[in-house]
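What follows is one structure encoded as structure tokens, with my remarks underneath.
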Amino acid sequence: MKRTLTAMATAAVLGAVGAGAPVQAQEDPTKACFIYVGPIGDFGWTYQHHQGVLELEEEMGDAVETAYLESVPEGADAERALQRFARSGCDIIFTTSFGYMDATNEVAGRFPDIKFEHATGYKREHPNVATYNSRFYEGRYIQGVIAAATSETGEVGYIASFPIPEVVRGINAFMLGAKSVDPDFKIRVVWANTWFDPGKESDAAKALIDQGVDIITQHTDSTAPMQVAEERGIKAFGQASDMIEFGKETQLTAIVDDWGPYYIERVKAVRDGTWEQVDVWDGLADGHVVMAPYTNMPEDVKEMAADIEEKIRSGELHPFTGPINKQDGSAWLAEGEVASDEELLGMNFYVEGIDNQLPN
Amino acid sequence: MLESVLLTIATAATPLLIAAIGELVAERSGVLNLGVEGMMIMGAVTGFSVSLLSGSAWLGVVAAIVVGAAFALLFGFLTLTLVTNQVATGLALTLFGLGVSGMIGESFVGQPGMRLGVVDIPVLSDLPVVGRLVFGQDPLFYLSLLLTAGVAYFLFGTRAGLMLRAVGDNPASAHAQGISVIGIRYLAVMFGGACAGLAGAYLSLVYTPQWVENMTAGRGWIALALVVFASWRPWRVIAGAYLFGGVTIGQLHAQAIGVAIPSQMLSSLPYVATIVVLVVISQNRRLTMMNTPASLGRPFVPDR
Amino acid sequence: MRIELVKRPQSSPLFSALSPFLALLLTLFAGAVMFLFLGKNPLEALYFFFIDPLLETWSLHELMVKAAPLILIGVGLSVCYLSNNWNIGAEGQFIVGAIAGSILPVMFPGFQTWIVLPLMLLMGVLGGAAYAAIPAFLKARFNTNEILVSLMLVYVAELFLDWLVRGPWRNPEGYNFPETRNFHDFAVLPEIWPDAGRAHWGIIFAIAAALVLWFVLSRTLKGIEVKVVGQSPRAGRFGGFSRARMVIFAFLVSGALAGLAGISEVSGAIGQLRPAISPGYGFTAIIVAFLGRLNPLGIIAAGFVLALSYLGGEAAQISIGVTDKTARAFQGMLLFFVLACDCLIHYRIRLTRTVAARSTEAPAGHA
């Protein structure tokens with residue numbers, strides 16, 4: 001219903017603007033289809049993808065037609081959902097969770113004329129499969145810097161979802177950022193074993209606060225930890241979307257996933273016939289990762305954060321630049337050496353300074 | 001620190017306790033309603049949306065109770081009047097509730113909700129350790145304890161409670177004595193629904209004041225398990241709910257301290273603990289038999 | 001006015017046959033009202049729900065893929081429920097069956113001969129049965145409530161699978177993502193007509209299992225035993241049937257079938273283990289079992305109906321933007337109507353006028 005409303009609103013706006021403009025050649029709209037792993041109403045991962053789709057509709061108006069399937073389980077159902085999309089006239093299909101990787105490639109092989117885009121995966125078995133992901137760790141590095149500069153206890157609580165490379169990378173980037181300010185900074189990690197369970201996430205936040213941390217950061221999707229932090233009067237970082245509404249006095253900043261620019265770029269490419277297989281892994285520089293405004297911190301910290309953000313954006317600073325040791329003290333990156341994307345993609349170890357054991 | 005840990009446990013345990021105590025009454029009357037999760041999520045979405053629209057958190061709580069009871073009434077109509085299978089109907093109710101709540105809640109996603117204020121008894125709430133625990137909690141926490149006490153008294157100290165248990169144990173003979181089996185079961189089921197709705201409101205107004213789809217995340221099922229765990233005795237539900245809450249919070253603390261055990265194993269602790277305790281309890285055969293409502297899950301149709 | 005049920009002397013064969021259609025009619029009507037309320041064209045919505053998925057071969061294949069685990073688990077559960085054993089943990093048995101069956105292709109990927117697949121299926125069956133044996137044993141030995149134990153074991157199984165695929169069983173070539181290596185060719189359950197679609201041997205297992213259990217339940221002494229013990233344990237004892245043995249039997253049968261469903265799904269439809277392999281088949285199958293009136297043949301039909309409602313939900317989402325939530329609410333409604341209409345088989349419904357002055361003490365008021 002939301003979709004229809006937006007579409008109508010967009011149409012109305014376009015109608016008003018387009019009255020005097022030259023009429024575009026009447027073409028069939030490009031059909032872009034999306035498969036979501038969760039409900040749109042999660043206000044996290046899936047919500048942000050859907051926001052990207054709304055941006056896409058806004059930008060392209062009548063030139064695009066969208067459809068989506070939400071809460072598609074990552075098992076045998078994914079392939080069916082993809083098939084149905086492929087047969088229903090989609091020109092490009094985005095699959096927005098890692099678990100759809102094999103199904104995406106499988107179906108792509110059967111429908112060579114349709115473009116497939118898989119988020120967060122690494123398999124591109126057919127020329128019509130592209131993969132895309134964002135360098136969220138860049139934002140985590142900035143968070144680490146802010147945390148170390150503002151924390152009084154010198155300890156941050158990290159609510160993690162599952163020990164997959166994406167999450168481990170985030171924890172490491174955070175630690176490296178923090179260590180650049182305070183070499184003795186500590187991170188306490190709690191694995192919630194869920195992407196999304198507000199109750200459990202809030203329990204985890206409380207447990208961490210009771211252990212003495214004064215900043216909470218999370219790699220789970222709900223806003224519950226932010227609310228707990230607000231209630232307990234400490235600071236926190238938002239995840240996936242700008243959660244300032246849930247912690248006006250609390251949110252330091254948030255890493256916002258902005259998929260809109262990518263969706264617009266790729267759908268336009270399909271329309272122009274310029275679509276090509278890519279393996280996109282973009283970050284702050286391309287606007288795929290956006291930092292929410294720096295709030296609730298001293299001015300000098302704000303400046304420092306903005307400065308680091310700019311350095312990462314310009315490519316001057318890569319969060320994973322040596323010298324970096326692994327958790328056990330063994331050398332990983334030599335002075336000045338930058339981690340390869342390959343290594344980052346499969347990261348399954350902690351860097352030096354993190355006390356917890358990585359569950360493996 | 002101990003105080004705040006206990007507070008966290010109380011927050012985790014309270015919704016389980018409220019939902020379980022309601023289901024306990026329903027089951028004591030002989031009706032097994034597996035739709036707790038569905039009624040709970042309806043309570044959560046109702047509580048959230050009504051409080052946001054009306055500006056009163058309490059109005060949200062009341063609405064959640066009403067909607068929970070209404071859903072239970074639907075369940076009652078199907079299972080009691082139309083004698084459908086209780087297990088299947090309960091599962092269908094959960095499915096229905098998850099769907100409908102998602103539809104209602106669509107426009108409320110991403111909005112911060114109202115929070116039910118904390119009761120703060122001055123001076124006393126500043127006492128060390130137990131101060132906030134006993135004298136400074138949210139009103140529903142106190143209500144959950146009152147509910148438990150009330151249900152315990154009602155079931156074992158009043159004539160009406162005796163009738164309800166009679167209906168659950170031997171509906172035929174209760175019927176022969178002129179008790180309206182179906183009428184009592186309707187009331188018991190609706191009480192269960194009201195409690196589930198209240199538990200849902202606790203989630204969206206106290207625990208995590210927001211609305212997101214599926215935010216009950218299986219708590220309705222845990223509440224169901226607690227009833228059996230408590231062998232249908234009200235006071236034991238408290239023990240069960242707090243034990244479950246304690247183990248859940250305990251494993252998070254263990255992780256935060258840095259205990260190197262796979263987190264999945266720690267996460268499964270509450271479930272394993274429940275099974276173990278249950279086995280120990282059920283060793284005492286006489287006791288369990290005595291408390292289990294003999295006609296649980298079986299339909300009753302008055303002969304004419 | 002009040003509604004009263006009058007028990008029929010015998011169950012009505014007419015309504016036995018008619019009730020599913022009546023339920024369908026009511027669902028169509030209520031669904032139409034709901035879609036109208038949401039601003040959708042009801043006819044279009046219902047078309048996508050019930051007809052569209054049946055029009056193409058590939059979609060029929062998908063229907064079989066989706067129905068296979070539901071039927072397999074459902075028929076197993078019917079034995080449990082008929083004998084009054086409340087196994088609601090089939091989801092866990094499904095998962096453990098999938099894990100046990102995957103031991104060979106995951107841990108011994110070099111062992112590639114034709115015997116691998118039969119061994120996998122066997123191990124899946126044994127794994128599911130063994131996991132179901134836990135609540136069965138506890139019930140038979142200690143009288144522990146099986147509803148609770150079987151349900152709790154679901155969570156334990158999910159977490160165990162999660163640990164396996166993120167830890168020891170993780171694909172060494174998979175960039176540390178949480179999934180096992182893909183099964184080799186000898187470990188994949190073949191598709192029946194590979195050119196036409198994805199349906200694999202799982203659906204054949206399902207229908208075979210249903211037929212066998214239908215025969216056992218309706219034509220053999222064991223079937224009588226199941227029903228007698230289920231209806232009245234006391235009568236069962238007089239008949240010389242052991243309640244404890246029946247508990248074990250029923251759980252082993254349903255666990256074995258759930259395990260078979262698990263390994264069939266993993267080996268036939270997914271091709272590897274991953275953190276989530278089941279979208280709640282074990283729970284949905286409970287509904288399927290009751291929709292099929294605990295009759296294995298009815299369960300075949302019920303499995304297909306429920307599978308259709310999933311496929312139809314997707315078709316409606318894509319084509320007319322009915323959301324996933326609406327689809328779920330609609331499914332719930334469908335189940336309500338089906339269950340309610342079955343009431344007509346055993347009862348006549350009579351509307352009577354309440355007499356206001358009726359005294360509450362008078363037993364006649366109700367009898």
Side-chain angles (χ1 to χ4, degrees), chain B residues 32 34 38 74 77-79 81-85 87-89 91-103 105-106 175-178 180-182 213 218 221 224-225 228-229 231 262-265 267-268 270-272 274-275 278-279 281-283 285 288-289 292 297 301-304, chain C residues 3-7 38 81 86 88 134-135 138-139 142-145 147-149 151-156 158-160 162-163 166-167 283-284 286-287 289-291 323-336 338-343 346-347 349 360-363 365-367:
Chain B
L32 179 64
L34 293 185
L74 172 65
F77 176 71
L78 287 163
T79 57
T81 299
L82 298 182
V83 222
T84 61
N85 178 282
V87 174
T89 311
L91 288 166
L93 190 71
T94 293
L95 203 66
F96 189 63
L98 287 172
V100 173
S101 64
M103 285 160 69
E106 225 175 343
H175 176 66
Q177 287 168 39
S180 166
V181 173
I182 301 299
E213 270 180 56
W221 294 103
L224 272 164
V228 188
F229 178 89
S231 51
S263 61
Q264 292 95 340
M265 226 167 272
S267 291
S268 68
Y271 309 114
V272 176
T274 309
I275 295 177
L278 194 73
V279 170
I281 292 176
S282 56
Q283 293 260 26
R285 194 170 283 244
T288 28
M289 295 292 256
T292 312
V301 180
D303 290 330
R304 21 192 53 250
Chain C
I3 301 172
E4 250 172 31
L5 297 187
V6 183
K7 195 162 174 78
L38 290 170
Y81 298 159
W86 297 100
I88 60 171
I134 301 174
L138 292 178
K139 179 181 182 183
F142 301 114
N143 208 28
T144 311
N145 184 294
I147 297 182
L148 179 55
V149 175
L151 176 64
M152 293 287 121
L153 286 175
V154 173
Y155 300 114
V156 176
E158 282 173 349
L159 286 160
F160 181 64
D162 196 81
W163 173 74
R166 291 177 201 282
F283 295 110
T284 313
I286 300 175
I287 302 178
F290 283 105
L291 270 188
T323 67
D324 171 55
K325 295 134 240 198
T326 317
R328 259 183 295 173
F330 187 61
Q331 265 179 350
M333 227 159 61
L334 169 75
L335 296 173
F336 287 149
V338 172
L339 292 166
C341 286
D342 271 5
C343 162
H346 301 287
Y347 302 96
I349 289 185
T360 40
E361 274 100 349
H366 222 278

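Below, chain A is the first sequence line, B the second, and so on; all start at residue 1.
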If you look at every heavy atom in C:M333 and B:F96, which pair is closest and at what distance? N-CD1, 4.0 Å
Structural part of [X] lying under 4.5 Å from a heavy atom of chain C:
| X | value |
| --- | --- |
| B:L93 | both |
| B:F77 | side chain |
| B:T89 | both |
| B:L78 | side chain |

Just by distance, do the side chain of B:T84 and the backbone of C:F336 share a donor-acceptor pair under 3.5 Å? no
Tell me, out of C:G332, C:C341, C:A329, C:A327, who's got the most heavy-atom pairs with chain B below 4.5 Å. C:A329
Go through the atoms of C:L138 and report whether side chain, backbone, both or neither lie under 4.5 Å from a heavy atom of chain B. side chain
At a 4.5 Å cut-off on heavy atoms, which part of C:L291 comes close to chain B: side chain, backbone, both, or neither?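 No part of C:L291 comes within 4.5 Å of chain B.
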Among all residues two or more places apart in sequence or in another chain, which pass the side-chain contact (heavy atoms from CB on, under 4.5 Å) test with C:I286? B:V87, B:L91, C:L77, C:Y81, C:I88, C:F283, C:F290
Does any non-hydrogen side-chain atom of C:I287 lie less than 4.5 Å from one of C:Q331? no
Is any side-chain heavy atom of C:T323 closer than 4.5 Å to one of B:E106?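 The answer is yes, as the side chains (C-beta and beyond) meet within the 4.5 Å cut-off.
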Pairing residues for C:D342 by the side chain to side chain donor-acceptor pair (under 3.5 Å) criterion, not counting sequence neighbours: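 For C:D342 the side chain to side chain donor-acceptor pair (under 3.5 Å) partners, ignoring immediate neighbours, are C:S19, C:R293.
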